[in-house]
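Every chain is numbered from 1 and lettered A, B, ... according to where its sequence line falls, protein lines coming before strand lines.
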Amino acid sequence: MSLISFEKVTLGYEGQPVVKDLTFEVNKGDYLCVLGQNGSGKSTMMKALLGFLAPMSGRITRDPKLKNAIGYLPQQEPAQSDFPASVYEVVLSGCQNRKGFFPFYNKADRALCEEKMALLGIADIAGRSFKDLSGGQKQRALLARALCAAGDLLLLDEPAAALDPVAAEELYVLVRALHKKGMTVIMISHDPERAIRDATHILHLGQEMLYFGPTADYDRPAILKRERGEIT
Amino acid sequence: MNALTAPPLYDLILDFGGARVIFSFKILVGVIAPIILKALAVGLLTSVCAAMLGVPLVLKRYSMIGDGLSHTGFFAVAVAAACGAASGAQIYITLPLVIAVAVVLLLLSESGKFKGDSAIAMICTGAVALGYIIFSLSSKGTGDVCSSLFGTAILALNMDDVAVSSVLAVGVIVVFVTLYNKIFSVTFDPAFSKSAGAPVKTVNVLLAVLTAVTVVVGMKMIGSIMISALVVFPALAAMRVSKSFKGVIIVSACLSAVCFLVGLFFATVVKFQFRSGGFADVQIPVGPSVVCVNVVALIVCILVRKVKTARAKKKAAN
Ligand SMILES: Nc1ncnc2c1ncn2[C@@H]1O[C@H](COP(=O)(O)OP(=O)(O)OP(=O)(O)O)[C@@H](O)[C@H]1O
Ligand SMILES: [Mg+2]
């Protein structure tokens with residue numbers, strides 16, 4: 001059984017459809033890269049996948065074992081700019097989903113948190129205030145938090161948006177390594193070259209689904225023509 | 001200031017000619033000592049509750065909820081008084097009423113049908129108007145109105161009041177500490193929390209309920225007009241001096257407790273005498289005293305922050 005499947009799903013807000021007729025599935029061990037222009041509904045699809053947004057029609061099924069095993073990196077920066085929180089507190093909050101109703105973190109959670117911070121090279125800024133970090137450092141902290149939460153599935157919404165080219169490359173290498181270790185990854189990206197290099201599957205959104213399938217069969221020039229054709 | 005005299009035991013009198021300030025320490029061991037102890041117990045607990053809750057409320061831009069609830073509290077006290085409830089029993093009417101309004105307020109502003117602030121403004125003014133009408137119709141003296149607006153009742157607590165208030169306040173603290181990690185996560189990043197399966201809505205509703213309980217308990221000591229000061233000031237002050245969420249909560253709670261102590265001290269131990277008043281004893285009421293100390297604390301924290309950043313800048317320049 002696939003981890004996630006969309007069947008003829010139409011998504012939108014207040015009765016206005018944003019993307020129509022999404023049909024795709026994600027299996028364990030896939031690395032799906034989601035492409036599309038601004039406003040094409042990528043983040044909307046992610047919200048529906050997480051269950052924040054009910055589909056207008058069609059059906060979304062999620063493997064029940066995903067319930068407490070999703071690591072999500074949202075596109076928007078989380079809190080207001082004055083929120084007092086240390087980097088450590090932010091990353092540690094990623095361990096929450098494995099706690100269920102138990103209210104406190106234990107040693108294992110703290111160890112996991114420290115491991116992920118080391119992995120992302122932010123162990124030395126653990127005590128700093130989150131709001132004072134640079135955009136790239138914030139992104140790393142949030143990715144570390146997502147990794148704490150990710151048992152089986154990592155959802156990344158434009159993770160490289162605030163990163164310089166070197167840091168972006170590091171991030172893609174890291175995600176690829178995680179995928180090689182067995183993590184299922186769904187990543188929204190505006191970087192098709194990297195996507196084609198690393199991902200096993202591509203999902204290209206326009207006002208409808210322009211492509212879904214293995215990376216090898218992704219005929220980018222043809223899809224881009226269709227994307228443009230729809231707009232003009 | 002000329003003479004520094006201390007005629008009766010424990011008293012310290014500063015004489016400015018036309019005005020005298022008297023530190024009457026002896027009341028701390030005198031007949032009203034038990035009264036002060038009761039006020040101290042309830043006041044400290046409520047100050048800590050309000051200050052802890054204030055942090056997430058301020059950060060969620062919900063700080064006005066405290067205000068909305070306290071005005072509702074005024075209305076609720078009016079209803080309770082009209083029903084003939086004795087002052088000790090009023091809480092059984094006010095508490096459920098205020099909790100209900102808290103939940104409605106929260107759900108209203110979450111649903112986006114009303115902006116949070118306008119929903120609160122509506123409830124505030126409506127509740128006060130209705131409350132005063134009820135007070136007038138049930139022909140309760142203005143004493144009741146004044147007491148529930150400005151909280152003169154803290155020095156008139158009986159043992160039952162103390163017991164109920166303390167149990168409620170300790171309950172609030174226990175629930176808050178238990179929920180602490182969820183509160184952090186939900187306040188910091190609701191989208192992520194939701195993806196991690198946290199009960200975002202439940203936590204928000206619980207926050208509102210805890211605030212309602214704190215407001216009802218705190219109204220007695222500080223009055224419904226000023227209770228939101230206890231929610232807002234310590235949190236804002238703590239945010240200037242601490243970087244982590246846990247740090248802010250702890251500083252906020254401690255600061256609030258200290259401010260209450262100092263405020264209570266000025267309102268009970270310190271007496272003033274003015275020539276224009278024929279040198280009769282006058283005292284500051286407890287509520288305003290505590291609020292003013294909180295204001296001063298916030299200003300001090302802002303200055304501390306200013307000095308700190310200026311120093312850091314200097315260091316960086318060198
Ligand atoms: N909360 C919302 N309410 C109403 N409309 C929304 C909402 N969120 C997004 N939309 C609309 O849905 C469309 C798709 O938005 P979405 O955020 O999914 O785009 P995206 O593909 O993620 O774009 P980007 O590359 O800029 O992140 C946009 O036209 C947007 O205006
Ligand atoms: Mg997006």
Portion of [X] that has a non-hydrogen atom of chain B nearer than 4.5 angstrom:
| X | answer |
| --- | --- |
| Ala149(A) | side chain |
| Tyr88(A) | neither |
| Val87(A) | neither |
| Arg98(A) | neither |

Which atom of [X] lies closest to which atom of [Y], heavy atoms considered:
| X | Y | answer |
| --- | --- | --- |
| Pro84(A) | Leu59(B) | CD-CD2, 3.5 Å |
| Gln96(A) | Ser193(B) | OE1-O, 4.4 Å |
| Phe192(B) | Ser93(A) | CE2-O, 4.0 Å |
| Thr178(B) | Pro103(A) | O-CB, 3.0 Å |
| Ala196(B) | Asn68(A) | O-OD1, 4.1 Å |

Enumerate donor-acceptor pairs with a distance under 3.5 Å from any side-chain N or O in residues 110-121 of chain A to protein atoms, sequence neighbours excluded.
none

- Query: With only heavy atoms counted, which part of Lys60(B) is less than 4.5 Å from chain A, the side chain, the backbone, both or neither?
  - Reply: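 Only the backbone of Lys60(B) comes within 4.5 Å of chain A.
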- Task: For each of Ser129(A), Ala85(A), Gly127(A), tally heavy-atom pairs with chain B at distances under 4.5 Å, and name the one with the top tally.
- Result: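 The candidate making the most pairs under 4.5 Å is Ala85(A).
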- Item | pair Ser195(B)-Leu155(A): side-chain heavy atoms closer than 4.5 Å |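 The answer is no, as the side chains (C-beta and beyond) never meet within the 4.5 Å cut-off.
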- Can you tell me if NZ on Lys131(A) sees more than 12 non-hydrogen neighbours from other groups inside 6.0 Å?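 Counting other residues, nucleotides and ligands, NZ of Lys131(A) exceeds 12 neighbours.
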- Message: Per the ring-ring contact (aromatic ring centres under 6.0 Å, His included) rule, what does the pair list look like for residues 27-67 of chain A, sequence neighbours excluded?
- Response: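 Sorted result for residues 27-67 of chain A: Tyr31(A)-His179(A).
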- Task: Using heavy atoms and a sub-4.5 Å threshold, report which of residues 233-243 of chain B line up against chain A, by residue number.
- Result: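 Interface residues of residues 233-243 of chain B: Met239(B), Ser242(B), Lys243(B).
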- Does Asn97(A) reach the main-chain N or O of Gly197(B) with its side chain, forming a donor-acceptor pair under 3.5 Å?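 Judged by distance alone, no pair lies under 3.5 Å.
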- Report the residues that fulfil ring pair (Phe, Tyr, Trp, His ring centres under 6.0 Å) with Phe245(B), sequence neighbours left out, ordered by chain and then residue number.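 In terms of ring pair (Phe, Tyr, Trp, His ring centres under 6.0 Å), with neighbours along the sequence ignored, Phe245(B) is linked to Phe83(A), Tyr180(B), Phe184(B).
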